[in-house]
Amino acid sequence: MQIKKRTIGAGRPLVCVPVVEIDEDGIYKAAERAVGQGAEVLEWRIDWFAQAVCQDRVERILHRLQEICGDVILLCTFRSRSQGGEQEISEDMYVGLLELLAKSGQADILDVEVPKLSNPSDVIRKLHDKGQCVIGSKHYFSHTPETVQMQQDLSDMQRAEADIGKLAVMPHSSLDVLRLLEVTARMKEDYPHYPLVTMAMGGLGAISRISGEVFGSCMTFASVGKTSAPGQMPIEDVIKILNKISESMD
């Protein structure tokens with residue numbers, strides 16, 4: 001998959017930096033810092049924005065972020081509280097926000113929380129009709145589910161026709177991390193052309209954030225200042241490690 005001349009799903013994972021600020025000025029400054037330090041994907045976490053329900057403000061910020069991004073991919077996410085986010089909204093409001101973001105034409109990729117929707121396939125289809133690329137996502141912030149459940153989650157995202165499938169879990173042992181990596185590798189082997197983003201959160205899962213090229217995760221999340229999830233490492237460290245691993249695989 002190609003977005004802004006960047007390849008998603010092959011080679012070294014792209015490095016995504018989340019922007020988690022509550023006001024407009026802070027969002028722009030954080031975005032400029034992230035792009036300046038080498039982010040390849042910029043994620044605007046809209047749920048952190050204090051006026052996330054104000055359509056005019058959201059659209060204005062989107063346009064400015066796209067200007068700041070240039071060749072950097074802009075990923076837009078509203079993470080609900082049940083999935084580890086900062087705000088909670090109804091399903092109808094969530095779908096309305098997704099449609100607004102897609103209609104704007106400014107989001108290169110849009111995160112869609114599969115558990116939030118009663119009919120994710122229908123919502124994703126409507127977003128595709130607007131020309132929107134979609135990541136289908138699911139997060140487990142308290143545990144790592146059984147292997148068969150993780151496989152099912154990623155398969156469900158593919159069946160819902162999300163362009164990319166994302167799964168994040170919280171490990172309580174090294175075996176939990178290994179199971180996530182195994183699920184990722186098996187899914188990639190069975191569906192080599194379907195891009196995946198997977199990670200085990202927290203310090204225990206750090207290895208999953210830098211081993212994507214080996215196991216099949218096409219994107220990893222790093223920090224420039226604030227983090228959006230436990231275990232994110234500074235962008236400069238992540239880029240160095242990913243580059244070393246990629247060089248060794250050539």
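In this chain, numbering begins with 1 at the start of the sequence shown.
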Asks: Are more than 12 heavy atoms, taken from residues, nucleotides or ligands other than Lys130, located less than 6.0 Å from that residue's NZ atom?
Replies: yes

Asks: Tell me if a side-chain donor or acceptor on Gln87 pairs with a main-chain N or O of Asp47 at a distance below 3.5 Å.
Replies: yes

Asks: For residues Gly38 and Ile235, report the shortest heavy-atom separation together with the two atoms involved.
Replies: C-CD1, 3.7 Å

Asks: Start with the C-alpha gap between Leu180 and Asp176, add the side-chain angles, then the distance that decides, and say whether side-chain contact (heavy atoms from CB on, under 4.5 Å) holds.
Replies: CA-CA 6 Å; Leu180 174 78; Asp176 284 344; over 6 Å; no

Asks: For the hydrophobic clusters of this structure (ILVMFWY residues joined by side-chain heavy atoms under 4.5 Å, transitively), does one cluster hold both Val169 and Met187?
Replies: yes

Asks: Answer yes if the side chains of Glu24 and Tyr28 hold a donor-acceptor pair under 3.5 Å, and no otherwise.
Replies: yes

Asks: Looking at every non-hydrogen atom in both residues, tell me the closest pair between Ala102 and Gln132 and how far apart they are.
Replies: CA-OE1, 3.4 Å

Asks: Please report the closest heavy-atom contact between Val17 and Ala39, naming both atoms and the distance.
Replies: CG2-CB, 3.7 Å

Asks: Can you check whether Val214's main-chain N or O pairs, donor with acceptor, with Ser211's side chain at less than 3.5 Å?
Replies: no

Asks: Keeping Gln106 on the side-chain end and Gln66 on the backbone end, is there a donor-acceptor pair under 3.5 Å?
Replies: no

Asks: How long is the span from the CZ atom in Phe221 to the CD atom in Glu43, to the nearest 0.5 Å?
Replies: 5.0 Å

Asks: Could you tell me which non-hydrogen atom of Val58 sits nearest to which non-hydrogen atom of Trp44, and how far apart they are?
Replies: O-CZ3, 3.9 Å

Asks: Regarding Asp153 and Gln149, do their side chains bring together a donor and an acceptor under 3.5 Å, going by distance alone?
Replies: yes

Asks: State whether a side-chain donor-acceptor pair under 3.5 Å links Glu59 with Ser104.
Replies: no

Asks: Do Ser155 side-chain atoms and Gln151 backbone N/O form a donor-acceptor pair below 3.5 Å?
Replies: yes

Asks: Taking all atoms of both residues into account, what is the closest heavy-atom pair of Tyr94 and Asp111, and its distance?
Replies: OH-O, 3.5 Å

Asks: To the nearest 0.5 Å, how far apart are CG in Leu175 and CG in Leu204?
Replies: 9.5 Å

Asks: Name the residue from Thr147, Thr144, Thr184 that meets the side-chain hydrogen bond (donor to acceptor under 3.5 Å, both in side chains) definition with Arg179.
Replies: Thr147

Asks: Identify whether the distance between the nearest side-chain nitrogen and carboxylate oxygen of Glu32 and Arg64 falls below 4.0 Å.
Replies: yes

Asks: Flag the pair Cys69 / Lys4 as yes when at least one side-chain heavy-atom distance between them is below 4.5 Å, and no otherwise.
Replies: yes

Asks: Taking C-beta and beyond as the side chain, do Met150 and Tyr140 meet within less than 4.5 Å on heavy atoms?
Replies: no

Asks: For the pair Arg6 (side chain) and Asp71 (backbone), establish whether a donor and an acceptor sit closer than 3.5 Å, ignoring hydrogens and angles.
Replies: yes

Asks: Heavy atoms, side chains only, cut-off 4.5 Å: are Ser82 and Glu88 in contact?
Replies: yes

Asks: Is there a continuous path of hydrophobic side-chain contacts, each under 4.5 Å between heavy atoms, that joins Val95 to Ile89?
Replies: yes

Asks: Report yes or no: do Val19 and Ile46 belong to one cluster of Ile/Leu/Val/Met/Phe/Trp/Tyr joined by side chain heavy-atom distances under 4.5 Å?
Replies: yes

Asks: For Val41 and Ile8, what are the C-alpha separation, side-chain angles and deciding distance, and is it a side-chain contact (heavy atoms from CB on, under 4.5 Å)?
Replies: CA-CA 11 Å; Val41 181; Ile8 299 177; 5.9 Å; no

Asks: Ring-plane angle category for His139 and Phe141, please: parallel below 30°, perpendicular beyond 60°, tilted otherwise.
Replies: parallel

Asks: Is any side-chain heavy atom of Leu117 closer than 4.5 Å to one of Glu91?
Replies: yes

Asks: Roughly how far, to the nearest 0.5 Å, is the CG atom of Leu154 from the CZ atom of Arg159?
Replies: 10.5 Å

Asks: Side chains of Arg186 and Val183, heavy atoms from C-beta outward: is any pair under 4.5 Å?
Replies: no

Asks: Given side-chain contact (heavy atoms from CB on, under 4.5 Å), test Trp48 with Ile27 step by step and report yes or no.
Replies: CA-CA 10 Å; Trp48 279 76; Ile27 290 168; over 6 Å; no

Asks: Start with the C-alpha gap between Glu247 and Asn243, add the side-chain angles, then the distance that decides, and say whether side-chain hydrogen bond (donor to acceptor under 3.5 Å, both in side chains) holds.
Replies: CA-CA 6 Å; Glu247 288 168 12; Asn243 287 341; 5.9 Å; no

Asks: Find the distance between NZ (Lys116) and CZ (Arg79) and round it off to the nearest 0.5 Å.
Replies: 11.5 Å

Asks: Are side-chain heavy atoms of Cys16 and Leu14 found at a separation under 4.5 Å?
Replies: no

Asks: Counting only heavy atoms not in Gln2, do more than 12 sit closer than 6.0 Å to its CD atom?
Replies: yes

Asks: So do Pro18 and Gln232 actually touch side chain to side chain, heavy atoms under 4.5 Å?
Replies: yes

Asks: Salt bridge check: are Lys126 and Asp122 linked by an N-O gap of less than 4.0 Å?
Replies: yes

Asks: Are Leu127 and Tyr194 in one and the same hydrophobic cluster, where Ile, Leu, Val, Met, Phe, Trp and Tyr link if side-chain heavy atoms are under 4.5 Å apart?
Replies: no

Asks: As an exercise, state the distance from CD1 of Ile239 to CD1 of Ile210, rounded to the nearest 0.5 Å.
Replies: 13.5 Å

Asks: Could you walk me through whether Cys133 and Met1 satisfy the side-chain contact (heavy atoms from CB on, under 4.5 Å) test, starting with their C-alpha distance in whole Å, then the side-chain angles of each, then the deciding distance to 0.1 Å, before giving a yes or no?
Replies: CA-CA 10 Å; Cys133 179; Met1 178 187 299; 3.9 Å; yes

Asks: Return yes when atom CD1 of Ile22 has more than 12 non-hydrogen atoms of other residues, nucleotides or ligands closer than 6.0 Å, and no otherwise.
Replies: no

Asks: Would you call Val238 and Arg209 a side-chain contact if the rule is heavy atoms closer than 4.5 Å?
Replies: no

Asks: So, taking the atom named CG in Leu42 and the one named CG in Leu65, what distance separates them when rounded to the nearest 0.5 Å?
Replies: 6.5 Å

Asks: Are the side chain of Gln51 and the backbone N or O of Arg57 linked by a donor-acceptor pair below 3.5 Å?
Replies: no

Asks: Which heavy atom of Ser137 sits nearest to which heavy atom of Pro115, and what is that distance?
Replies: O-CD, 3.4 Å

Asks: Please answer: with hydrophobic residues joined when any side-chain heavy atoms are less than 4.5 Å apart, are Leu242 and Met219 in the same cluster?
Replies: no

